[in-house]
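Chain naming here is simple, since letters A, B, ... match the order of the sequence lines and numbering starts at 1 in each.
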Amino acid sequence: MAYWLVKSEPDAFSWEQQVLNRIEPWTGVRNHMAKNNLKAMAKGDRAFFYHSNIGKEIVGIVEVVRTAYPDPSIEPGEKGDWVCVDMKALRPFKTPVTLAALKADPAFADLPLIRMSRLSVSPVSDAHWHAICALGGTKP
DNA sequence: GCCAACGTTGGC
DNA sequence: GCCAACGTTGGC
């Protein structure tokens, strides 16, 4: 099983909405690196749900329940083979893990979230996954 | 609101 | 195909 991190501005789509809807398509990715990460996701993979801009913290865990398929949010005339996946809310963090906390710990210096702050879908290593779950007060 | 990082566009 | 200009993202 692989691990990932997905970012959303809570103004547009928040963890609370994800929990309410339970299963939700992760649409709107318009970056090739992020798209490739979406395509690499397998059913059962887990991802951290990160709130950008407002909060700037990881708030929960989602599970991939449907692998990449064409993004229905593509506008007519829009170019590109953009895809989305379906995510299911799994469990919240007991304690949200803030960007500041991750930045303060050298163990996370090579986390893509920190190294490439604009990438909206990024991989997370096993070691980072377990460490961040521990900080969040939840089981991996 | 500002600015750095980075992707995209368009002139040459 | 290079590179400057511009737009967008996201932290501060």
A/R118, nearest nucleotide to its side chain (from C/dT8, B/dG7, C/dG11): C/dT8

Mind calculating the distance between [atom1] ([X]) and [atom2] ([N]) to the nearest angstrom?
X      : N      : atom1 : atom2 : result
A/N31  : C/dG10 : CG    : P     : 10 Å
A/K7   : B/dA5  : NZ    : P     : 15 Å
A/R115 : C/dG11 : CZ    : P     : 17 Å
A/E9   : C/dC12 : CD    : P     : 15 Å
A/W82  : B/dG7  : CH2   : P     : 12 Å
A/N53  : C/dT9  : CG    : P     : 10 Å
A/L111 : C/dG11 : CG    : C1'   : 15 Å
A/D11  : C/dG10 : CG    : P     : 13 Å

Counting C-beta onward and ignoring hydrogens, is there a side-chain heavy-atom pair between A/D11 and A/N53 closer than 4.5 Å? no

Are A/W26 and A/D86 close enough that some pair of their side-chain heavy atoms sits under 4.5 Å apart? no

Please set out all donor-acceptor pairs under 3.5 angstrom arising from side-chain atoms of residues 98-119 of chain A, sequence neighbours excluded.
from   : atom 1 : to     : atom 2 : distance (Å)
A/T98  : OG1    : A/A101 : N      : 3.0
A/D105 : OD1    : A/A107 : N      : 2.9
A/D110 : OD1    : A/H128 : NE2    : 3.4

Does C/dT9 have OP1 or OP2 sitting under 4.0 Å from an N or O in the side chain of A/Y50? no

Six-ring centre of A/Y69, A/R66 cation under 6.0 angstrom, axis tolerance 45°: yes

Heavy atoms under 4.0 Å, any strand shown: does A/K103 hit a base, just sugar-phosphate, or nothing? sugar-phosphate

